[in-house]
Amino acid sequence: MRRTATVGRLAAGETVKRLGTKAANVGRSEQGAQEASARRQLETAKQIVAALGTMKGAAMKLGQVMSFLDVGLVPEEHREEFQRELAKLRDAAPTVSFKQMKSVIEDDLEARIADVFAEFDEQPIAAASIGQVYRARLREDFSMREGPGRGGDAGGREVAVKVQYPGVAAAVRADMQNLGMIMRLLKRMTPSLDVKGVTAEIRDRIGEELDYELEAQNQRSLARIFKGHPFIVVPEVVGELSREHVLVTDFVRGVGFERLKEYPQAERDRIGEIVFRFFLGCLYRHRQFSGDPHPGNFMLLEDGRVAFLDFGLFKRLDREPVELELACQRAVVEGDAQTLHTLLAESRFLPEPERVDPDHLLAFVEGAIWWYTTADEEVQLEPEIATEVMIESSDPRSSYFREMRHQTIQPEHLFGRRMEMLTLAVLSQLRARNNWHRIAREWMYGDAPVTELGREEAEFYERTGVGAA
């Protein structure tokens, strides 16, 4: 109720301010009026950041997504400043006392911090959407105290300790109660939307994110797949210390996203290819993937590898839906509108297929994935590209949206589409350049890799035998 009241006061206050700005603009020149409105939009954006920053869970995650996906919320001349304001939500730790967080740790581990850790920095190094991350070092005798076969060689390791905010699970579940209302509003725009199924999928995934024991399983799964990989690192989990509200993993040091954006083009291109291969490659090669590719979830290590973090929002798929997506991508590549229409109709994406023109459907789908399907050339991704793709996919004023109101999305595909969109947003913020189509052909058609990273990865998969699920 307090969070709802905060947003309500914000909305009411901004309505009054906006009306005030409009009234004042009557006496201003056109340029002056535009500048005043732009400043008001920026101020509103900053206040939204402040409001989101007081929240945990669902609201803060929205702010994290907004922090790297520019959807035209503010005028172009203020977008960089807006991005900087929103970026604070990724890394700035909210005000939660260490005394409170210490209670969560000791209650979950059923031990005092001093009995488990030789060092524990009380200042958080990062804020996740529902918790904080601390740097610590395990006691040298940790493995001996855990008993035979439990501690292994964990003793003395430097670790990252992710701790859930006290009470955040109840807060997020309360946020999820409002989801039904939001979905009903969306249904007005897309009458064919499977509101019940999509709502259940979102609640399931967000609910799973609250369980750090489940996240530990997700992370261990990918850590096994990528163990020894030439350029991808998934930190190992200390399973003995991973509980419902506490997750302990190997600590990694690296360069964060804001600095990476300033790297030379060639280095950004390489990082971009690694990000693309990790997120989309996990889905199409391994049928399991992290659904949260925001910039705070990866960093460049000193040896050139990229470490990926945070596997709370995670999805596993059966073979059939993955093969369907690949078949649809091939239809787009080949310009086969009828095959695409048939595939989506048979899989219930088109509840009323006769109301959707195959050529319009092809154009609509291509508009979202052209950058790695039909663009068989080097593409320099820019923030404006991600903005355009998102608007064309969701704005009622876009070219084909009115007709596409008669399609829906099957719940099991929802987070894959989210991951794909946010990966594009990350690559666009990096301004990464590549022939993304040629990389994607490795899983779409089984083509041989054409990049050096692709050849290194192919050798890795041939050696380990984990190239496909």
Side-chain angles (χ1 to χ4, degrees), residues 61 64-65 67-68 90-91 125-129 131 133 159-162 205 208-209 212 214-238 242 247-261 263 267-268 270-316 415-416 418-427 429-430 432 439 443 453-454 456-457 460-461 464 466-467 469:
K61 184 167 288 296
Q64 291 174 333
V65 170
S67 71
F68 65 97
R90 286 204 302 267
D91 304 311
I125 57 173
S129 57
V133 183
V159 292
V161 183
K162 184 175 176 180
R205 297 289 81 75
E208 289 175 357
E209 193 172 10
Y212 284 0
L214 184 57
E215 180 175 348
Q217 294 176 24
N218 299 335
Q219 187 159 341
R220 275 196 296 265
S221 177
L222 289 189
R224 283 194 296 268
I225 288 173
F226 291 103
K227 186 176 181 63
H229 194 282
F231 50 80
I232 290 172
V233 174
V234 176
E236 294 285 344
V237 173
V238 182
S242 295
L247 174 62
V248 181
T249 69
D250 280 343
F251 186 85
V252 291
R253 288 182 172 81
V255 179
F257 188 72
E258 294 304 313
R259 284 178 57 193
L260 293 178
K261 290 197 299 185
Y263 272 37
E267 294 182 55
R268 285 185 282 115
R270 179 181 180 275
I271 295 165
E273 182 176 345
I274 293 173
V275 170
F276 183 70
R277 287 182 176 279
F278 178 74
F279 286 108
L280 273 76
C282 273
L283 169 56
Y284 296 117
R285 291 186 192 276
H286 308 298
R287 303 202 311 268
Q288 54 183 300
F289 61 94
S290 167
D292 207 8
H294 81 74
N297 287 346
F298 65 88
M299 61 179 65
L300 179 66
L301 305 184
E302 188 177 4
D303 62 8
R305 295 180 299 166
V306 175
F308 292 88
L309 316 168
D310 197 334
F311 301 95
L313 194 61
F314 200 81
K315 179 69 177 177
R316 290 178 171 85
F415 278 88
R418 177 186 188 272
M419 177 274 290
E420 180 184 77
M421 180 69 72
L422 298 187
T423 299
L424 170 61
V426 169
L427 298 177
Q429 285 289 316
L430 272 179
I439 300 171
W443 47 78
L453 289 178
E456 290 179 22
E457 187 166 67
F460 166 77
Y461 284 136
T464 61
V466 295

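Values reported hereafter were calculated over all heavy atoms of this structure, with side chains retained and with hydrogens, waters and symmetry mates removed. Sequential numbering from 1 along the given sequence is applied to the chain's residues. In this text, all values refer to a predicted model and were calculated from it rather than measured experimentally.
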Candidate pair Phe226 and Val466, rule side-chain contact (heavy atoms from CB on, under 4.5 Å), full reasoning:
CA-CA 9 Å; Phe226 291 103; Val466 295; over 6 Å; no
Does Gln429 form a side-chain contact (heavy atoms from CB on, under 4.5 Å) with Phe257? I'd like the steps, not just the answer.
CA-CA 9 Å; Gln429 285 289 316; Phe257 188 72; 3.6 Å; yes
List the steps, then state whether side-chain contact (heavy atoms from CB on, under 4.5 Å) holds for Val234 with Phe278.
CA-CA 11 Å; Val234 176; Phe278 178 74; 4.2 Å; yes
Would you check, one step at a time, whether the test side-chain contact (heavy atoms from CB on, under 4.5 Å) holds for Phe314 with Leu222?
CA-CA 11 Å; Phe314 200 81; Leu222 289 189; 3.6 Å; yes
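A donor-acceptor contact shorter than 3.5 Å is absent between the side chain of Asp292 and the backbone of Asp310. Checking side-chain atoms of Gln219 against main-chain N and O of Pro235 turns up a donor-acceptor pair under 3.5 Å. Not one N or O on the side chain of Arg220 forms a donor-acceptor pair closer than 3.5 Å with the backbone of Val237.
To the nearest 0.5 Å, the span separating CG on Leu427 from OG1 on Thr423 amounts to 6.5 Å. The line from CZ of Phe415 to CD of Glu420 is 14.5 Å long, rounded to the nearest 0.5 Å. The CD atom of Gln288 lies 10.5 Å from the CZ atom of Phe311; values are rounded to the nearest 0.5 Å. For the atom pair CG (Leu453) and CD (Glu273), the distance works out to 4.5 Å, reported to the nearest 0.5 Å. In this structure, NE2 on His229 lies 8.5 Å from OG1 on Thr464, to the nearest 0.5 angstrom. Here the straight-line distance linking atom CG of Leu260 with atom CD1 of Ile271 works out to 4.5 Å at 0.5 Å rounding.
The heavy-atom pair separating Ser290 from Met419 by the smallest distance is O-CG, 3.6 Å. Across all their heavy atoms, Val133 and Ala160 have their closest contact at CG1-CB, 4.0 Å. Between Val252 and Ala307 the shortest heavy-atom distance is CG2-CB, 4.2 Å. Here the closest heavy-atom approach between residue Pro230 and residue Glu456 is recorded as CB-OE1, 3.6 Å. Arg268 approaches Lys261 most closely through the heavy-atom pair CD-O, 3.6 Å. Closest of all the heavy-atom pairs between Gly296 and Leu309 is O-CD1, 4.4 Å.
Enclosure of atom CZ in Arg259 is not indicated, since only 12 or fewer non-hydrogen atoms of other residues, nucleotides or ligands lie within 6.0 angstrom.
Using a 30° and 60° split on the angle between ring planes, Phe279 and Phe308 fall in the perpendicular class, above 60°.
Residues satisfying the salt bridge (charged side-chain N to carboxylate O under 4.0 Å, His left out) test with Glu457, not counting sequence neighbours, are Arg277, Arg285. Looking at residues two or more places apart in sequence or on another chain, you find a side-chain hydrogen bond (donor to acceptor under 3.5 Å, both in side chains) between Asp250 and Arg157. Arg305 pairs by the side-chain hydrogen bond (donor to acceptor under 3.5 Å, both in side chains) definition with Asp303, not counting sequence neighbours.
Considering only heavy atoms from C-beta on, Lys315 stays 4.5 Å or farther from Leu283 through its side chain.
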